[in-house]
Amino acid sequence: MSVPEVIPIRHEPDYRTSTIGRWQGGQFFASVTAAFPEGWSGDDWQSHKRWCAVLHRFNEAGKHLDSRIQFTGTTADGEEKVITAARRLLDEWLDALPERQYQDIAIAPFEVRFEGALFGLIPEEDEDEEGEDTDRVWMEFYPDELGFQAPWDGSYDT
């Protein structure tokens with residue numbers, strides 16, 4: 001099965017896709033999430049795990065319009081405190097979306113980088129032991145780590 005041009009994403013209240021839906025200008029995907037800079041590795045993960053409020057907006061057809069991303073602190077700053085700050089900020093942004101309704105969406109792949117971290121819906125492909133591509137293709141929503149795959153029904157793996 002080939003990858004569709006727009007990927008359905010199911011709205012699940014009180015779970016990882018509880019803040020997705022439609023607004024007067026199209027569709028949105030909002031979350032509070034943590035991101036590490038691309039390529040980072042090391043022992044001091046608490047000071048590199050950066051918490052953000054994120055609002056991606058798309059047109060009605062699912063094409064990416066813009067992303068609003070704001071860093072609120074690291075785990076080392078106190079995870080509960082910085083997550084609460086990100087949630088408050090995200091609530092403000094969501095309240096400002098005219099005619100906002102939480103519901104399923106369908107969006108096209110996109111990619112945004114913010115302060116060295118990758119955000120977006122990115123195609124991924126498995127490789128076998130020799131490094132050759134396999135037939136397994138999926139879409140990964142970064143940095144939220146939501147994986148979408150056939151049958152492309154909006155459900156995801158974490």
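Since we're looking at a predicted model, the values are computed, not measured.
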Next item on the list: For residues Phe58 and Phe110, establish whether the separation of their ring centroids is below 6.0 Å.
Entry: yes
Note to self: Under a 3.5 Å distance rule, please check whether Asp157 uses its side chain to pair with a backbone N or O of Gly147 as donor and acceptor.
What the structure shows: no
Item checked: Candidate pair Val6 and Lys63, rule side-chain contact (heavy atoms from CB on, under 4.5 Å), full reasoning -> CA-CA 8 Å; Val6 292; Lys63 183 177 184 278; over 6 Å; no
Item checked: Criterion side-chain contact (heavy atoms from CB on, under 4.5 Å) on Phe29 and Leu146, from CA distance to verdict -> CA-CA 12 Å; Phe29 190 116; Leu146 304 178; 3.9 Å; yes
Check: Side chains of Ile69 and Glu115: does their closest heavy-atom pair fall under 4.5 Å?
Finding: no
Next item on the list: For His56 and Ser67, test the side chains for any donor-to-acceptor distance below 3.5 angstrom and give the result as yes or no.
Entry: yes
Notebook entry, point to check: Looking only at heavy atoms, which two atoms of Ala35 and Pro143 are closest? And how far apart?
Noted result: CB-CG, 3.8 Å
Notebook entry, point to check: Counting only N and O atoms by type, is there a donor-acceptor contact under 3.5 Å from the side chain of Glu124 to the main-chain atoms of Met139?
Noted result: no
Notebook entry, point to check: Is there a donor-acceptor contact under 3.5 Å from the side chain of Ser31 to the main chain of Thr33?
Noted result: no
Check: Between Trp40 and Glu38, does any side-chain donor sit less than 3.5 Å from a side-chain acceptor?
Finding: no
Next item on the list: To the nearest 0.5 Å, tell me how far Thr72 OG1 sits from Arg88 CZ.
Entry: 11.0 Å
Note to self: When you compare the side chain of Arg68 with that of Val54, does any pair of heavy atoms fall below 4.5 Å?
What the structure shows: no
Item checked: From Ile105 atom CD1 to Ile9 atom CD1, the distance as rounded to the nearest 0.5 Å -> 4.5 Å
Check: Can you name the closest pair of heavy atoms from Thr17 and Ile20 and give their distance?
Finding: O-CG1, 3.4 Å
Margin query: Within the structure provided, determine whether Arg16 and Asp144 are in side-chain contact (heavy-atom separation under 4.5 Å).
Written below: yes
Checklist line | Over all atoms of both residues, closest heavy-atom pair of Lys49 and Glu79 | finding: NZ-OE2, 3.9 Å
Next item on the list: Using a cut-off of 6.0 Å, state whether more than 12 heavy atoms not belonging to Gln103 lie near its atom CD.
Entry: yes
Note to self: Has Gln27 got a side-chain atom pairing as donor or acceptor with Ala106's backbone, closer than 3.5 angstrom?
What the structure shows: yes
Next item on the list: Applying side-chain contact (heavy atoms from CB on, under 4.5 Å), run through Ile7 and Leu121 and close with a yes or a no.
Entry: CA-CA 9 Å; Ile7 306 303; Leu121 184 61; 3.8 Å; yes
Margin query: My understanding is that a hydrophobic cluster links ILVMFWY residues whose side chain heavy atoms are under 4.5 Å apart, including indirect links. Using that, what else belongs to the cluster containing Phe28?
Written below: Trp23, Val32, Trp51, Leu55, Val82, Ile83, Leu89, Leu90, Trp93, Leu94, Leu97, Tyr102
Notebook entry, point to check: Which heavy-atom pair separates Asp153 from Arg10 by the least distance, and what is that distance?
Noted result: O-NH2, 3.1 Å
Checklist line | Within 6.0 Å of CD in Glu80, more than 12 heavy atoms from elsewhere | finding: no
Next item on the list: Using only heavy-atom distances, determine whether the side chains of Tyr156 and Glu12 contain a donor-acceptor pair under 3.5 Å.
Entry: yes
Note to self: How about CD on Gln46, more than 12 heavy atoms from neighbouring residues, nucleotides or ligands closer than 6.0 Å, or not?
What the structure shows: yes
Next item on the list: Check Pro37 against His48 and note the closest heavy-atom contact, atom names and distance.
Entry: CD-O, 3.7 Å
Note to self: For the aromatic rings, using the six-membered ring if either is Trp, is the centroid distance between Phe141 and Phe119 under 6.0 Å?
What the structure shows: no
Notebook entry, point to check: Which distance, rounded to the nearest 0.5 Å, do you find between the OG1 of Thr74 and the CZ of Arg50?
Noted result: 8.0 Å
Note to self: Arg22 vs Glu60, test: side-chain contact (heavy atoms from CB on, under 4.5 Å). Steps then yes/no.
What the structure shows: CA-CA 8 Å; Arg22 297 184 181 274; Glu60 277 297 327; 3.0 Å; yes
